[in-house]
Amino acid sequence: MKNFIFFGKPGAGKGTQSEIVKKRYGLIHLSTGDIFRKHISNDTPLGKSVKLYLNRGELVPDHITIAMLKEEFQSNENPNGYILDGFPRTVLQAEALEEFFEDLELQLDGVISIEVDRRALVERLLNRGKVSGRADDKDLDKINLRFQEYDQKTDPLIDFYKKRNIFYSINGLGTIEKISQRLFDLIDQL
Ligand code: AMP
């Protein structure tokens, strides 16, 4: 069993690559952004409570995000392993993850950062906004707020995981196939 975190700024390709990598290794892909969006489109109580945060491009409060993810973990029986995409995004979430990995006797094998420079990311996000219908991809102010949230709250996780010697990075520029190959090469060594 292998468990990974795909780490990176908004638009780095975490979701696209998670879908490819999960198939190759038979893993479960857990994307907190996708789960929140599903709740919003189903108009569930959780969806109602997080909608404004997502629309504005702000992070959902930690207690809501952590409780939701915990529930997702408990709903999978005998998984082959997980790819976490978009979680953790704060140090508090990373600490909570360590706790529930310990409870479930799971081990984190690598935090893999997909590196793309910011200018390329803004372009990608604006292009994605034209087709995804995501309110947070369409507007430059919202995109900038998401980067600001990343810089303030998520970037400190790099040091958090470097201290644990499980932080790796790959170049996230190039074709989707090339980037997947870089991930396969790295994952095969972990
Ligand atoms: P993503 O699809 O990963 O870009 O996430 C879209 C939005 O979902 C973010 O801008 C946040 O509003 C929310 N979100 C996703 N994951 C998290 C998380 N781990 N912590 C807080 N908010 C999150």
Side-chain angles (χ1 to χ4, degrees), residues 3-22 27-74 82-101 108 111-116 118 120-158 160-161 167 172 179:
N3 299 296
F4 302 103
I5 291 172
F6 280 9
F7 186 85
K9 297 187 183 89
K14 302 184 292 292
T16 305
Q17 293 299 332
S18 296
E19 282 299 304
I20 297 168
V21 171
K22 87 164 187 192
L27 304 174
I28 290 174
H29 171 204
L30 282 185
S31 154
T32 38
D34 285 350
I35 301 167
F36 283 138
R37 281 186 289 275
K38 205 156 107 198
H39 277 277
I40 292 170
S41 63
N42 292 337
D43 209 21
T44 66
L46 175 64
K48 287 190 176 85
S49 72
V50 301
K51 190 173 178 172
L52 273 181
Y53 296 106
L54 271 92
N55 282 348
R56 287 195 205 113
E58 286 171 20
L59 290 190
V60 172
D62 282 331
H63 67 280
I64 299 178
T65 309
I66 291 167
M68 183 209 56
L69 194 76
K70 213 168 174 172
E71 206 167 293
E72 285 290 326
F73 270 115
Q74 281 154 355
Y82 291 98
I83 301 174
L84 298 180
D85 154 18
F87 186 95
R89 263 173 151 108
T90 65
V91 170
L92 206 91
Q93 291 178 15
E95 286 167 349
L97 184 68
E98 284 189 331
E99 267 176 45
F100 45 87
F101 263 38
L108 187 55
V111 177
I112 304 176
S113 174
I114 304 178
E115 306 272 345
V116 181
R118 204 160 165 141
L121 290 174
V122 172
E123 206 180 299
R124 274 194 200 175
L125 288 170
L126 287 170
N127 279 330
R128 184 170 78 182
K130 290 179 196 156
V131 286
S132 70
R134 278 179 60 169
D136 59 346
D137 280 345
K138 283 186 185 151
D139 172 327
L140 200 52
D141 284 344
K142 286 180 186 172
I143 291 175
N144 283 333
L145 182 63
R146 285 159 72 198
F147 282 117
Q148 207 175 306
E149 290 279 78
Y150 173 90
D151 290 340
Q152 284 173 3
K153 298 174 184 168
T154 310
D155 190 72
L157 290 178
I158 297 174
F160 182 94
Y161 286 117
F167 189 84
I179 300 162

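Ligands are counted one by one from 1 in listed order, and the atoms in each one are counted from 1 as well. Remember, it's a predicted structure, so these values are computed and weren't measured experimentally.
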Ignoring hydrogens and geometry, is there a side-chain-to-backbone donor-acceptor pair from [X] to [Y] under 3.5 Å?
X	Y	value
T90	K153	no
K142	N55	yes
D155	Y150	no
Q93	R89	yes
R146	I143	no

Distance-minimising heavy-atom pair for V50 and I64
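That closest heavy-atom pairing would be CG1-CG2, 3.9 Å.
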
Considering all heavy atoms of both residues, which atom of F7 and which atom of K14 are nearest to each other, and what is their separation?
C-CD, 3.7 Å

Close approach of R56 to ligand 1, heavy atoms, under 4.0 angstrom
no

What do you reckon, does K14 put a non-hydrogen atom under 4.0 Å from ligand 1?
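Not so, K14 does not reach ligand 1.
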
Distance check, rounded to the nearest 0.5 Å: T16 atom OG1 versus I20 atom CD1?
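Interatomic distance, T16 OG1 to I20 CD1, rounded to 0.5 Å: 7.0 Å.
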
Contact region, T65 to ligand 1, non-hydrogen atoms below 4.0 Å, reads side chain

Tell me the contacting part of K9 for ligand 1: side chain, backbone, both, or neither, using a 4.0 Å heavy-atom threshold, strictly below.
neither

To which protein heavy atom is atom 23 (C) of ligand 1 closest, and what is the distance rounded to 0.1 Å?
F36 CE1, 3.8 Å

Among non-hydrogen protein atoms, atom 22 (N) of ligand 1 lies closest to V60 N, 3.0 Å

Applying salt bridge (charged side-chain N to carboxylate O under 4.0 Å, His left out), can you list everything that pairs with D139, at least two apart in sequence or on another chain?
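D139 satisfies salt bridge (charged side-chain N to carboxylate O under 4.0 Å, His left out) with no residue once adjacent residues are dropped.
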
List every atom of ligand 1 that sits less than 4.0 Å from any heavy atom of [X], numbering the atoms from 1 in the order shown and giving each element.
X	value
E58	11 (C), 12 (O)
Q93	18 (C), 19 (N), 20 (N), 21 (C)
R134	1 (P), 2 (O), 4 (O), 6 (C)
T32	15 (C), 16 (N), 17 (C), 19 (N)
G86	16 (N), 17 (C), 18 (C), 19 (N)

If you take the nearest heavy atom of each of R146, R89, R37, E149, which one is closest to atom 9 (C) of ligand 1?
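Residue with the shortest heavy-atom distance to the ligand atom: R89.
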
Is there a polar contact between ligand 1 and [X], counting only N or O atoms under 3.5 Å apart?
X	result
D136	no
P88	no
D85	no
S31	no
D34	no

Taking the side chain as every heavy atom from C-beta outward, state whether L145 and E58 have any atom pair closer than 4.5 Å.
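Touching, per the 4.5 Å side-chain cut-off.
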
Sequence neighbours left out, what passes ring-ring contact (aromatic ring centres under 6.0 Å, His included) with F160? Give chain and number order.
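If we apply the ring-ring contact (aromatic ring centres under 6.0 Å, His included) test to F160, skipping adjacent residues, there are no hits.
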
